[in-house]
Amino acid sequence: MHKLFILLCLLVSLPVFSAITVVTENLPQLQYQDENGELVGTVVDKVLTSLKQSNINYEISVNPWSVSYNAALRDENTCIFSIARLPARERDFIWLSKLGRFSASFYSFNFQQISISNLQQAKQYRIAVLKDNYSHIFLKEHGFDETNQLILLDSFDNIYDVLKSRRTSIDLVVLSDQQFDFELQKDSTLNSLKPVFSIPVVNPDLYFACNKNMNTAWLEKLSKAFADYD
């Protein structure tokens with residue numbers, strides 16, 4: 001009887017492994033961790049409700065964008081949000097549900113006399129951009145290179161500190177307009193930045209997507225859950 005009790009205790013204490021991992025980044029106002037570490041934002045209710053409705057055991061991991069993006073590319077049991085649906089990414093993921101839209105712009109410091117009316121003019125400047133995100137891919141597709149024009153950053157968590165410390169080597173930074181407006185409400189010093197040119201986004205839709213090799217049964221459950229939410 002004593003041995004049986006110990007065995008039951010061991011079974012109860014065994015960790016419950018998640019079937020899938022859902023990766024994301026801090027991107028106000030879409031999804032971000034608040035002061036209590038809770039994931040909030042305009043797309044979070046749809047994602048969490050749909051995940052629960054799917055009855056698939058999951059865990060959510062919040063990382064710098066490049067880490068989340070490459071995990072979703074690499075690991076077959078991984079989904080990601082919010083990710084822009086691009087022609088270059090179309091075959092890499094299963095696109096399950098549209099979450100929203102976005103816009104992005106080139107920003108410069110107010111004291112800089114930078115005026116841009118097209119992408120070609122931007123090529124004369126050094127531009128900080130988040131590695132592997134929509135803007136990085138878009139600019140590469142339009143002839144910007146990582147040697148002469150683009151400075152790749154792993155995270156925008158400290159982008160403003162980076163800009164201030166490297167003013168002599170960075171002319172422009174590409175930011176989500178929604179993210180910038182959100183951060184501006186909390187930090188008035190960001191008034192030193194101004195948008196100078198909006199990126200002409202062809203398809204600014206953001207999605208919940210999964211690795212292309214994910215288990216078909218799980219994909220079907222997730223697809224139904226998101227469809228039911230809509």
Side-chain angles (χ1 to χ4, degrees), residues 11-12 14-34 37-104 129-138 140-141 154-156 176 178-179 199 201-230:
L11 290 173
V12 170
L14 286 174
V16 178
F17 294 101
S18 299
I20 66 172
T21 299
V22 179
V23 293
T24 188
E25 65 168 334
N26 278 303
L27 182 61
Q29 304 176 357
L30 296 170
Q31 72 274 337
Y32 61 98
Q33 292 172 301
D34 63 14
E38 181 179 357
L39 193 64
V40 297
T42 57
V43 306
V44 171
D45 181 70
K46 180 175 182 177
V47 170
L48 294 185
T49 299
S50 299
L51 285 170
K52 291 174 183 176
Q53 283 295 109
S54 73
N55 291 319
I56 299 174
N57 192 25
Y58 69 92
E59 63 176 358
I60 292 182
S61 177
V62 182
N63 316 288
W65 174 254
S66 184
V67 174
S68 287
Y69 178 72
N70 283 292
L73 275 177
R74 180 185 65 246
D75 302 330
E76 65 180 22
N77 296 331
T78 301
C79 300
I80 186 171
F81 74 99
S82 303
I83 181 171
R85 188 169 185 172
L86 306 173
R89 293 173 173 166
E90 188 66 30
R91 296 182 180 181
D92 293 330
F93 298 96
I94 304 297
W95 305 90
L96 291 183
S97 181
K98 188 167 84 169
L99 300 177
R101 301 173 69 85
F102 78 103
S103 63
V129 65
L130 184 61
K131 183 180 179 182
D132 293 326
N133 84 337
Y134 171 84
S135 301
H136 177 203
I137 294 174
F138 178 87
K140 283 183 64 178
E141 289 177 342
D154 291 327
S155 171
F156 273 140
S176 157
Q178 294 84 350
Q179 181 183 19
I199 289 183
V201 180
V202 177
N203 185 1
D205 292 333
L206 296 168
Y207 273 76
F208 181 97
C210 296
N211 182 281
K212 63 181 180 180
N213 296 316
M214 177 168 279
N215 180 289
T216 302
W218 291 343
L219 288 172
E220 290 176 352
K221 288 183 178 181
L222 288 167
S223 182
K224 183 180 185 306
F226 275 102
D228 289 345
Y229 183 94
D230 292 332

- Qualifying residues under ring pair (Phe, Tyr, Trp, His ring centres under 6.0 Å), relative to F81, sequence neighbours excluded: none

- Message: Under the rule for ring pair (Phe, Tyr, Trp, His ring centres under 6.0 Å), what residues qualify as partners of Y32, not counting sequence neighbours?
- Response: F182

Side-chain atoms of residues 91-98: list all donor-acceptor pairs with protein atoms under 3.5 Å, sequence neighbours left out, distances to 0.1 Å.
unit_1: W95; atom_1: NE1; unit_2: E90; atom_2: O; d: 3.2
unit_1: W95; atom_1: NE1; unit_2: F93; atom_2: O; d: 3.4
unit_1: S97; atom_1: OG; unit_2: K46; atom_2: NZ; d: 3.1

Do the non-hydrogen side-chain atoms of [X] and [Y] ever get within less than 4.5 Å of each other?
X    : Y    : result
F138 : L86  : no
R89  : I137 : yes
V47  : Q31  : no
L222 : L51  : yes
L27  : W65  : no

When rounded to the nearest 0.5 angstrom, what is the spacing between [atom1] in [X] and [atom2] in [Y]?
X    : Y    : atom1 : atom2 : value
S50  : I56  : OG    : CD1   : 11.0 Å
I20  : K221 : CD1   : NZ    : 10.5 Å
L219 : K212 : CG    : NZ    : 13.5 Å
N133 : S176 : CG    : OG    : 9.5 Å
Q29  : Q178 : CD    : CD    : 8.0 Å
Y207 : L99  : OH    : CG    : 9.0 Å

- Task: Please assess Y229 against D45 for the test side-chain contact (heavy atoms from CB on, under 4.5 Å), listing each intermediate value before the final yes or no.
- Result: CA-CA 10 Å; Y229 183 94; D45 181 70; 2.7 Å; yes

Of all the heavy-atom pairs spanning [X] and [Y], show the shortest one and how long it is.
X    : Y    : result
A104 : S135 : CB-OG, 4.0 Å
P64  : D154 : CB-O, 3.4 Å
E141 : A88  : OE2-CB, 3.4 Å
S68  : S61  : OG-O, 4.3 Å
D205 : R101 : OD1-NH1, 2.8 Å
C79  : F208 : CB-CZ, 3.5 Å

- Task: Any chance you could lay out the side-chain contact (heavy atoms from CB on, under 4.5 Å) test for I60 and L48, step after step, and finish with the verdict?
- Result: CA-CA 10 Å; I60 292 182; L48 294 185; 3.4 Å; yes

- salt bridge (Lys or Arg N to Asp or Glu O under 4.0 Å) involving K52 - partner list, sequence neighbours excluded: none

Under 3.5 Å donor-acceptor pairs involving side-chain atoms of residues 70-77, not counting sequence neighbours:
unit_1: N70; atom_1: ND2; unit_2: S66; atom_2: O; d: 2.8
unit_1: N70; atom_1: ND2; unit_2: S66; atom_2: OG; d: 3.3
unit_1: N70; atom_1: ND2; unit_2: D132; atom_2: OD2; d: 3.2

- Note on the structure: Residue set satisfying side-chain hydrogen bond (donor to acceptor under 3.5 Å, both in side chains) with K224, at least two apart, ordered chain then number -> D228

